[in-house]
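As the structure lists them, so they are numbered: ligands from 1, and atoms in each ligand from 1. As the structure is a computational prediction, the values presented were derived from the model and not from experiment.
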Amino acid sequence: MSGRFDLLVRGGACVLPSGTAVTDVGVRDGRVAAIGRLDGATADADIDAAGLHVLPGVIDSQVHMREPGLEHKEDFATGTTAAVLGGVTAVMEMPNTRPNTTTAAALADKARRAKGRARCDMAFFVGASGDNLEQLGDLERLPSCAGVKVFMGSSTGNLLVEDDVTLAQVLANGNRRVAVHCEDEPRLRARFALVEGGAPVAMHAEWRDAETARLATERLLRLARGVGRRVHVLHVTTAEEMGLLPEFRDLATVEVTPQHLTLAAPEAYETLGTRAQMNPPIRDARHRDALWRAVDEGLVDVIGSDHAPHTLAEKAESYPNSPSGMPGVQTLLPVMLNHVNAGRLSLRRLVDLTSAGPARVYGVAGKGRIARGYDADFSLVDLKAERTLSDRWSASRCGWTPFDGMRITGWPVATVVRGRVVMRDGEVLGDPAGAAIRFQDTLR
Ligand code: DOR
């Protein structure tokens, strides 16, 4: 096949829907225009991908970019720079900013701020609160909206839907899949005395214990069944929740994070201190094993990072005044490639969790696979490259990673967003040109 393309990715091992094949990919107008031997073809730009794997662009469907209001931790420019350095081509951003993203005006403001500053494609969640219940069905259909996000337990910020009556109303208003942080607020309040006034950070997993997560997930699934609403259970952390979820596969999809698959208590708290503090917490190896089993059994749909940057000065406060959350958008792919290299999961399964999975769960239009007509979003990786993750490599404004010092085999070496090479060999390229992610439910 010959012809002229804007970009040619030559000779990479492409992870295609039909399997992995060494082939060329031709891109025109931001989309995949041809897959196959393109020997006679010419292009404005060329990537020699021999020896590399070409993955569909990684979609990180849970990131906190902190803009507006908390830009001392992160903003759209720094957060999406971290994303593309880590091989991520699209992110879905969470609503616990200042102000919270609970209105059409706040959503439009985020979209406007991202324009010309985001290096990857973006969409934004609207937060459910007692004040916007009745508008949720309209809000979730606005341009660049990824859907509705619910916090059942309080975390960073003040977004909260803690009781069943309000949660049922949230689920009854609208149609798109609702993303939910499942921790039971009444139990969190009842147990706060365990850590109030100061405690070792390892107590975080005692205060916000496995039952706190299980209770909330059980309540959510029961209410979702009642109204027939699709839900996405974010960052599942316990064996017990994984036990509940198989009965709800018609309604509920499941996310796990790289950090819950990689770190475990008590070691994580001993070595990382408050850097390991997040909600829901890093738990012990029994739970971590259960998460891997759920990955193996196909119960997990998505790996999202829950990128939640806080400054080291904030993290240096004494527990429990230290904020919960750790950065992750830049390390998601390297950490998971390292697991691939260790034989923990196949590259094909990883791609299902980081590209096809998020696209399927949220109904992303034209992303998530390398296929003709789809957006030309690629994460090119060198499965043999050995590197060490470090705070220094972090492009997030927070400037650290919980994986500092971790030896990694498998590394993102180029990132392509709709046919534009935005990262090559650790260098960010071109002007920021991220666009709004499009969704099947709200195409016009
Ligand atoms: O640890 C967390 N940090 N969990 C969340 O749910 C929110 C996040 C944040 O925004 O800092």
Side-chain angles (χ1 to χ4, degrees), residues 60-76 78-79 82 91-102 110 124-129 148-162 178-185 188 195 201-205 207-209 212-213 216-217 220 232-238 241 255-260 262-263 265 268-269 272-283 304-315 317 319-329 331-332 396-398 400-402:
D60 189 345
S61 49
Q62 195 189 171
V63 303
H64 301 265
M65 293 300 188
R66 308 302 194 198
E67 181 172 354
L70 299 160
E71 289 93 340
H72 67 286
K73 301 176 196 273
E74 193 78 287
D75 65 26
F76 294 145
T78 54
V91 297
M92 301 187 200
E93 210 264 341
M94 287 297 163
N96 56 333
T97 41
R98 281 196 198 140
N100 292 318
T101 320
T102 51
K110 279 195 172 177
F124 307 96
F125 284 94
V126 161
S129 81
V148 171
K149 159 80 183 278
V150 175
F151 284 92
M152 290 178 71
S154 45
S155 193
T156 300
N158 60 3
L159 272 176
L160 188 62
V161 176
E162 67 169 280
V178 181
V180 188
H181 177 129
C182 291
E183 290 187 284
D184 185 79
E185 182 67 15
L188 283 179
V195 297
V201 65
M203 284 296 287
H204 196 59
W207 166 35
R208 308 179 84 109
D209 67 351
T212 301
T217 296
L220 173 71
H232 183 52
V233 188
L234 296 166
H235 41 41
V236 175
T237 55
T238 67
E241 290 166 283
E255 179 196 68
V256 295
T257 73
Q259 54 271 37
H260 289 112
T262 306
L263 306 173
Y269 296 105
L272 296 170
T274 56
R275 288 193 188 199
Q277 178 191 338
M278 71 167 292
N279 304 328
I282 302 294
R283 305 194 190 280
S305 75
D306 192 10
H307 177 74
H310 298 285
T311 66
L312 283 173
E314 291 164 338
K315 280 293 201 181
E317 288 184 44
Y319 182 80
N321 298 327
S322 43
S324 293
M326 55 181 82
V329 71
T331 50
L332 182 159
S396 168
R397 182 157 292 142
C398 75
W400 61 277
T401 163

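- Here Glu93 pairs with Lys110 under the side-chain hydrogen bond (donor to acceptor under 3.5 Å, both in side chains) rule; sequence neighbours left out.
- By the salt bridge (charged side-chain N to carboxylate O under 4.0 Å, His left out) test, Arg208 pairs with Glu183, sequence neighbours left out.
- Protein neighbours of ligand 1 below 4.0 Å, counting non-hydrogen atoms: His64, Arg66, Asn96, Phe151, Ser155, Thr156, His181, Met278, Asn279, Asp306, Ala308, His310, Ser324, Gly325.
- Not counting sequence neighbours, Tyr269 has no partner by the ring-ring contact (aromatic ring centres under 6.0 Å, His included) test.
- Put simply, the side chain of Lys315 never gets that close to the backbone of Ala276: no donor and acceptor are under 3.5 Å apart.
- Within the 3.5 Å criterion, the main-chain N or O of Gln277 finds no donor-acceptor partner in the side chain of Thr274.
- Here the side chain of His260 pairs a donor or acceptor atom with the backbone of Pro281 at under 3.5 angstrom.
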